[in-house]
Undergrad: 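Okay, here's the structure, questions in a sec.
Chain letters run A, B, ... following the sequence lines, proteins first and then strands; every chain starts at 1. The figures here come from the full heavy-atom set of this structure, side chains too, leaving out hydrogens, waters and symmetry mates.
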Amino acid sequence: MSVMKRVSMIFRAKANKALDRMEDPRETLDYSYQTQLELLQKVRRGVADVATSRKRVELQMNQLEQSSNKLDKQARDALSAGREDLAREALSRKSGVQSQLADLQTQYTSLQGEEEKLTSASQRLDAKVQAFRTKKETIKATYTAAEAQTRITEAFTGISEEMGDVGLAIQRAEDKTEQMKARAGALDELMASGALDDVVSGPHDDIQAELDRMGASHDVDSELARMKAEIGQGSAPRQLEGSAGADGHAAPAPAQAAQPAEAGDPE
Amino acid sequence: MIVRILGEGQLEVDDSAMSELNALDQELEAAIRRNDEAAFGAARDTLLARVRALGRPVQADKLAPSALILPQEDATMTDVRKLLSDEGLIPG
């Protein structure tokens, strides 16, 4: 038999089973309405949970973005100072950060999708629950218990299907946020360990120390180069003895894989 | 008739579209029987796209069961098997 027909029969069978358990049809209405309100609360909590998870991912993305920028700047500083080895170290760490970022972006999009789905599920259920409440009051006021039975069945089956659908959506969202929480926790630990950190605050601050130490003399070199360029000696860096290797490599720096580590190290 | 796409809500689809939807549904079922996840995904996407294109959203406050229920857009074969095999999996 058709898949879509079978699924609908399974939903309906579940509603019928619940109906059969009720002795007084009017009682069914109130009990069901109570369950609906609870589910509505649950789906709203679900939306909030997904949003929390999404914000956590967003926060981690911001942190990694900062790390990436810092590492990039450090790579540039290192290159200007003629230390391609340090630049390579910073860039390789940056590439690790970038791949974590890409991963987070995927998670973020997925959570965003889940949040939107749950939000609209919550709106749909809300509309149905309100419709059910109106119908419930009409049925109770207008019909005898015997007459009410068919009307109740109709309303109940309709809302029961919606509840089943929303319930499944909540489960899916919960599964996803659980996975995200686990991954976010792992990433927090990774960040705390300094493995993805910039070289300043991480355990490898020797790199930055070295850069700082060289900074002063390098500033003079680059100032000289700039002045020479201003005075009209053309491409000043090439005429600077000592820093020639470094400045010569400054332009192709982003394509770090193209050069072996030792090639540009003048020291 | 009313068709539900899980996770999206109910749509009113003309009865005249039924033979087309049934044919797509058979592809879906055949893919599940062959355990062919790629074919299943393609059949699911086509089926959902056709229902979305042919259907008009059911009024939000209408309380009526659906004649047909389709799996959610990212459903795997495993999801559908669970849905079909164990009604206890539907919460609420």
Undergrad: Does any N or O in the side chain of A/R12 come within less than 3.5 Å of the main-chain N or O of B/S66, such that one atom is a donor and the other an acceptor?
TA: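 Yes; at least one donor-acceptor contact below 3.5 Å.
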Undergrad: Side chain, backbone, both or neither: which part of B/E27 has a heavy atom under 4.5 Å from chain A?
TA: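 Neither part, no heavy atoms under 4.5 Å.
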Undergrad: Quick one: what part of A/Q123 sits under 4.5 Å from any heavy atom of chain B, side chain, backbone, both or neither?
TA: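 Nothing of A/Q123, per the 4.5 Å heavy-atom cut-off to chain B.
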Undergrad: Calculate, to the nearest 0.5 Å, the distance between atoms CD1 and CD belonging to B/I69 and A/E161 respectively.
TA: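 Taking CD1 in B/I69 and CD in A/E161, the distance rounds to 3.5 Å.
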Undergrad: If you measure only the distance, is there a donor-acceptor pair under 3.5 Å linking the side chains of B/E29 and A/S2?
TA: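 Note: B/E29 and A/S2 side chains miss the donor-acceptor criterion.
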Undergrad: What do the steps show when you test A/V7 against B/L84 for side-chain contact (heavy atoms from CB on, under 4.5 Å), and what is the final call?
TA: CA-CA 6 Å; A/V7 177; B/L84 290 174; 3.7 Å; yes
Undergrad: Quick check: under 4.5 Å, non-hydrogen atoms only, which of residues 33-45 of chain B neighbour chain A?
TA: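 The residues closer than 4.5 Å to chain A amount to none at all.
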Undergrad: Any donor and acceptor pair, going by atom type alone, linking the side chain of B/R4 with main-chain N or O of A/D165 inside 3.5 Å?
TA: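 Side chain of B/R4 to backbone of A/D165, a donor-acceptor pair under 3.5 Å: no, none is there.
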Undergrad: B/Q72 versus A/R172: any side-chain heavy-atom pair under 4.5 Å?
TA: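 With C-beta onward as the side chain, the pair touches.
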Undergrad: Which value, rounded to the nearest 0.5 Å, describes the distance between B/E8 atom CD and A/K117 atom NZ?
TA: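 The CD atom of B/E8 sits 8.0 Å away from the NZ atom of A/K117.
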Undergrad: Is B/L24 in contact with chain A via its backbone, its side chain, both, or neither, using a 4.5 Å heavy-atom distance?
TA: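 Interface part for B/L24: neither.
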Undergrad: Measure from the side-chain N and O atoms of A/S8 to the backbone N and O of B/A67, and report whether any donor-acceptor pair falls under 3.5 Å.
TA: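 Yes, because the side chain of A/S8 sits within donor-acceptor range (under 3.5 Å) of the backbone of B/A67.
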Undergrad: The criterion is side chain to side chain contact (heavy atoms under 4.5 Å, CB included); which residues satisfy it with A/Q41, sequence neighbours excluded?
TA: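 Residues passing side chain to side chain contact (heavy atoms under 4.5 Å, CB included) with A/Q41: A/R45.
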Undergrad: Nearest 0.5 angstrom please: B/D74 CG to A/E114 CD, how far?
TA: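 The CD atom of A/E114 is 7.0 Å from CG of B/D74, to the nearest 0.5 Å.
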Undergrad: Quick one: what part of B/I2 sits under 4.5 Å from any heavy atom of chain A, side chain, backbone, both or neither?
TA: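 No part of B/I2 comes within 4.5 Å of chain A.
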Undergrad: Measure the shortest side-chain to side-chain distance between A/M4 and B/V3 over non-hydrogen atoms and say whether it is less than 4.5 angstrom.
TA: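 No - every pair of side-chain heavy atoms lies 4.5 Å or more apart.
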Undergrad: Measuring from atom CD of A/E154 to atom CG of B/L63, what distance do you get when rounded to the nearest 0.5 angstrom?
TA: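 A/E154 atom CD to B/L63 atom CG measures 8.5 Å (nearest 0.5 Å).
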Undergrad: Select all residues of residues 49-62 of chain B having any heavy atom within less than 4.5 Å of some heavy atom of chain A, and report them by number, or 'none'.
TA: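 Within residues 49-62 of chain B, the residues that come under 4.5 Å of chain A (heavy atoms only) are B/Q59, B/A60, B/D61, B/K62.
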Undergrad: Taking C-beta and beyond as the side chain, do A/I10 and B/L83 meet within less than 4.5 Å on heavy atoms?
TA: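 Not touching, per the 4.5 Å side-chain cut-off.
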Undergrad: Counting only heavy atoms closer than 4.5 Å, note whether A/A169 contacts chain B via side chain, backbone, both or neither.
TA: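 Nothing of A/A169, per the 4.5 Å heavy-atom cut-off to chain B.
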Undergrad: Run the salt bridge (Lys or Arg N to Asp or Glu O under 4.0 Å) test against A/E115 and tell me which residues pass, sequence neighbours left out.
TA: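 Here the qualifying residues are A/R54.
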Undergrad: Got A/V3 and B/V80 here, is their nearest side-chain heavy-atom distance under 4.5 Å?
TA: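 A side-chain contact under 4.5 Å exists here.
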